Amino acid sequence: MAITHTNPLVVKLYEKLAIEHIRVPEFSRMSGIPKDRIYKWKQEGTNPKAEDEAKIKAYIYGDSIDYSPMHNNESIMEEPKSPYLITRRKQKTQPEPENEGIVYVPIPAQAGYSTRYHDPLYLHHLEKTHLPGFPYKGERYRVFDVKGDSMEPTYKEGYHLVCERIEQDQWYQIANWYIYVIVLENDILVKRLYKKDPETLVAISDNEEFYPQFLIMVKDVKELWLVKRKIDWEMAPQKSLK
């Protein structure tokens, strides 16, 4: 999906992030700019502050910046350091914090999430879950509860879905027929998606006998998450032995 932000610097930033396959949380850790602020530049049309603009320009043009204040309390000054990609490689080799879990969005919280998904304070107060032995952790992932029976028999109500964030500038190349969690203004859906055209998605339920297909306009989507794993709590019945 094309970026329509009126600030050309933000447009260039997201274009370069997409080209280099860098996600917003990763850029946030590298630059020191809070990720919720970076999202708002695109989602709400806010403009970067002067100090953020300097960091963005340093990233776009290949050098990082010394972000520490000067001892004489003067304004932060640009100072060429090692190339950004070298610094990024060093950052990627560092282990993630041991306690970095995944934000869990249960059914009772989904109504609030659909209107406050971009509020870091709200997300901070949601429960976090940990999946030992799996690589899923941090802001790149979410765990959503399944509600309703529209995706039966694949997913039943109460199943947990471990999902990976699809950044907005990548929505144009979603994989058809895969299952996604779609966050809308006042609802959260779990559906298979088919890209009808750049502006329209077809939402498909596995329980099609009772839930017919319908269209979703891409402009109405707030967040898109690809389902990676399911966690169900059903136990197989006891086997009868003779």
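Along the sequence shown, the residues carry numbers beginning at 1. Keep in mind it's a predicted model, so treat the numbers as computed, not measured.
Membership of the apolar cluster around F210 extends to Y211, as traced through chained side-chain contacts below 4.5 Å between ILVMFWY residues.
The two atoms that bring P106 and D145 nearest to each other are CA-OD2, 3.3 Å, heavy atoms only. Of all the heavy atoms in L123 and V103, the pair that sits closest is O-CG2, 4.3 Å. When all heavy atoms of A109 and L126 are compared, the pair lying nearest together is CB-CD2, 4.1 Å. Heavy atoms only, all atoms of each residue included: S205 and K191 are closest at OG-NZ, 2.5 Å.
Between the D197 side chain and the T200 main chain, a donor and an acceptor come within less than 3.5 Å of each other. At least one donor-acceptor pair closer than 3.5 Å links the side chain of W171 to the backbone N or O of I166.
E185 pairs by the salt bridge (Lys or Arg N to Asp or Glu O under 4.0 Å) definition with K222, not counting sequence neighbours. Here K195 pairs with nothing under the salt bridge (Lys or Arg N to Asp or Glu O under 4.0 Å) rule; sequence neighbours left out. Under the side chain to side chain donor-acceptor pair (under 3.5 Å) criterion, T129 pairs with no residue, sequence neighbours left out.
A distance of 5.5 Å separates CG of L189 from CD1 of I182, quoted to the nearest 0.5 Å. The distance from the CG atom of L161 to the CE atom of M151 is 9.0 Å, given to the nearest 0.5 Å. Taken from CD in E209 to CD in E152, the straight-line distance is 12.0 Å, to the nearest 0.5 Å. Between the CG atom in D206 and the OG atom in S150 there is a gap of 8.5 Å [rounded to 0.5 Å]. In this structure, CD in Q213 is found 11.5 Å from CZ in R192, a value given to the nearest 0.5 Å.
Within a 6.0 Å sphere centred on NZ of K230, other residues, nucleotides and ligands contribute more than 12 heavy atoms. For CZ of F134, the number of neighbouring non-hydrogen atoms (other residues, nucleotides, ligands) closer than 6.0 Å is 12 at most.
Counting only residues at least two apart or in different chains, side chain to side chain donor-acceptor pair (under 3.5 Å) contacts with residues 105-114 comprise Y113-R142, Y113-E223. Applying the ring-ring contact (aromatic ring centres under 6.0 Å, His included) definition to pairs two or more places apart or across chains, those involving residues 175-200 are W177-Y194.
Between D187 and K147 there is a salt bridge, with a side-chain nitrogen of the basic residue lying less than 4.0 Å from a carboxylate oxygen of the acidic one.
The closest side-chain donor-acceptor pair between D232 and Y155, if any, does not fall under 3.5 angstrom.
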Determine whether V24 and R140 satisfy the following criterion, side chain to side chain contact (heavy atoms under 4.5 Å, CB included), listing intermediate values before the conclusion.
CA-CA 9 Å; V24 169; R140 183 178 173 184; over 6 Å; no
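Of the residues V221, L224, V202, I204, the one that meets the side chain to side chain contact (heavy atoms under 4.5 Å, CB included) test with L193 is L224.
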